[in-house]
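When reading the values below, keep in mind they use all heavy atoms of this one structure, side chains included, and skip hydrogens, waters and symmetry mates. Remember, it's a predicted structure, so these values are computed and weren't measured experimentally. Naming convention: chains lettered A, B, ... in sequence-line order (proteins, then strands); numbering from 1 in each chain.
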There are 2 protein chains.
Amino acid sequence: MAETRSVDTRERILDAAERLFTDNGFDGTSMRQITGAAGVNLASVNYHFGSKEALMREVFRRRLAWLNTERLRVLDEMEQKAGDKPLKPSQIVEGFFGTLLSMAQDESRGGVTFLRLLGRTLTDPADFIRTFLADEYQQVVERYKAALFKALPNVPRAEIAWRFHFMLGATSYAIAGTDALRLVTDWQVEDEDATDRLDRLPQRLMSFLLGGLRAPLPNF
Amino acid sequence: MAETRSVDTRERILDAAERLFTDNGFDGTSMRQITGAAGVNLASVNYHFGSKEALMREVFRRRLAWLNTERLRVLDEMEQKAGDKPLKPSQIVEGFFGTLLSMAQDESRGGVTFLRLLGRTLTDPADFIRTFLADEYQQVVERYKAALFKALPNVPRAEIAWRFHFMLGATSYAIAGTDALRLVTDWQVEDEDATDRLDRLPQRLMSFLLGGLRAPLPNF
DNA sequence: TATTAATTCATACGTTCGTTTGAATGTTAA
DNA sequence: TTAACATTCAAACGAACGTATGAATTAATA
């Protein structure tokens, strides 16, 4: 089959690019690094994807397609069960961020590597990727924001949108896993090994996010 | 004075580099862009700083020197007033993150530009800058963590460290100001202009951070 | 003013970048 | 088997990169 080879090459390129973009950033990764790591010819990136930027977009697209579909599916299901009643804020937050965090356990969906890439990219957006991400996410974000508005009818919408923003920031940073200031990595952990730490991250993060979402409103 | 020219050149380079690194990232900014924007000769960067990496370090150093000193000063002052009693968590959070946010209003300390650069860099750390940031911050972070441990003696230290980490993430992302998913920028704001939005950010963020810090602990 | 040091300057070095090309090879279908 | 298409390949392109050099210029010192 003609497709066997090309699909193979495409995937090999995407996997290598995903990992290298995560470790070194977009500008910090060269085509030669990518094709070298993938074991394919230099020209094949431009043949299959057209350009380096288009490759970056495709790296995101193949993961976000599933993520955003799943997020909408989860939200649909919850809203159907609830009927006319508003959802609980914790359900909504769990639906949006829990779905994301679940990718960490699933290597076939990019695992932690892709999550780290996403976390990095959200604060490191070249114009082309910033635009692309906004387009990919727009529907999903609107649906979840609307659900939060309905769940918290007495909270000004501006405040909810801001807190959604803050939640995304805390999550991005947590999954980017950089911990540049060595806040978490340096302490003495006697009773908790690395696996436990990763397993417990979702619950720790979710508690924090919900606490922030429910915090008393600021009085200006 | 011989120093007049060189100090001038140094500062012009640092200002230009700060802005360009913020907008385009480290790898996305060339020496020729920097020296062109600064109106100085290409070779002057290597003359005054030694290399592009050393320039990046100096861009951070001149801002972080003040920030970290101020953070320690504020903490010292609070602890002195409190005597033996532990500080309130809100005081500690305000001391750490409020000091940071106050830089936004002060153009002579880098203003929003530097804050955005810092926010970006914390999730986009090349090895050299990651190491550098950790070194610059270590003392300050240890002091503030210790204050939080003392303020919340019944909360496991691991949880506090994690929540510090989450708070830093929410803050980084908020000040990076990217809002890649257009959560906040796209809505209809009739009663709140751009100035108001920036002015109110610190209070909005602080409420969120404290809510997250005080959230019920997760039960594993 | 003469001498020394500090800084700026134009220019060039060698390397690496993303992309393109055209031939070679592999695959599909008549 | 042969013609048409898809993919891979080695090689090269011009451009841009960070850095280095040595002369020219400016400032400090005596």
Length of the line joining A:E11:CD and D:dT7:P, which is rounded to integer Å = 14 Å
OP1, OP2 of C:dT8 versus side-chain N and O of B:T9: anything below 4.0 Å?
-> yes
Do the side-chain N and O atoms of A:T123 and B:T123 include a donor-acceptor pair separated by under 3.5 angstrom?
-> yes
Taking A:F21 as the fixed residue, which of A:T113, A:L117, A:T121 is the one that meets the side-chain contact (heavy atoms from CB on, under 4.5 Å) rule?
-> A:L117
D:dA6 phosphate, OP1 or OP2: any side-chain N/O from A:H48 under 4.0 angstrom?
-> no
Protein-nucleotide distance (A:F26, atom CZ; C:dC17, atom P), rounded to Å = 13 Å
Quick one: A:F49 CZ to D:dA6 C1', roughly how many Å, whole number?
-> 16 Å
Relative to B:F26, does B:K52 satisfy both conditions: NZ or CZ under 6.0 angstrom from the six-membered ring centre, and within 45 degrees of the ring's axis?
-> yes
When all nucleic acid strands are considered with a 4.0 Å heavy-atom cut-off, which category describes B:T35: base, sugar-phosphate, or nothing?
-> nothing
Decide if atom CD of B:Q139 counts as having more than 12 heavy atoms of other residues, nucleotides or ligands within a radius under 6.0 Å.
-> no
Which of these nucleotides, D:dC17, C:dG18, D:dT8, is closest to any side-chain atom of B:S30?
-> D:dC17
Quick one: is the NZ or CZ of B:R109 closer than 6.0 Å to the six-membered ring centre of B:F114, and within 45° of its axis?
-> no
Between C1' of D:dA15 and CD of B:Q33, the distance in whole Å | 14 Å
Between B:Y47 (OH) and C:dT7 (P), how many Å, whole number?
-> 4 Å
Using a cutoff of under 3.5 Å, can you pull out all pairs of nitrogen or oxygen atoms linking the protein to nucleotides 19-24 of chain D, with atom names and distances?
| unit_1 | atom_1 | unit_2 | atom_2 | d |
| --- | --- | --- | --- | --- |
| D:dT19 | OP2 | B:K52 | N | 3.0 |

Which value, rounded to the nearest 0.5 Å, describes the distance between B:E70 atom CD and B:S102 atom OG?
-> 7.0 Å
Whole Å only: how far is the CG atom of B:D8 from the P atom of D:dT26?
-> 16 Å
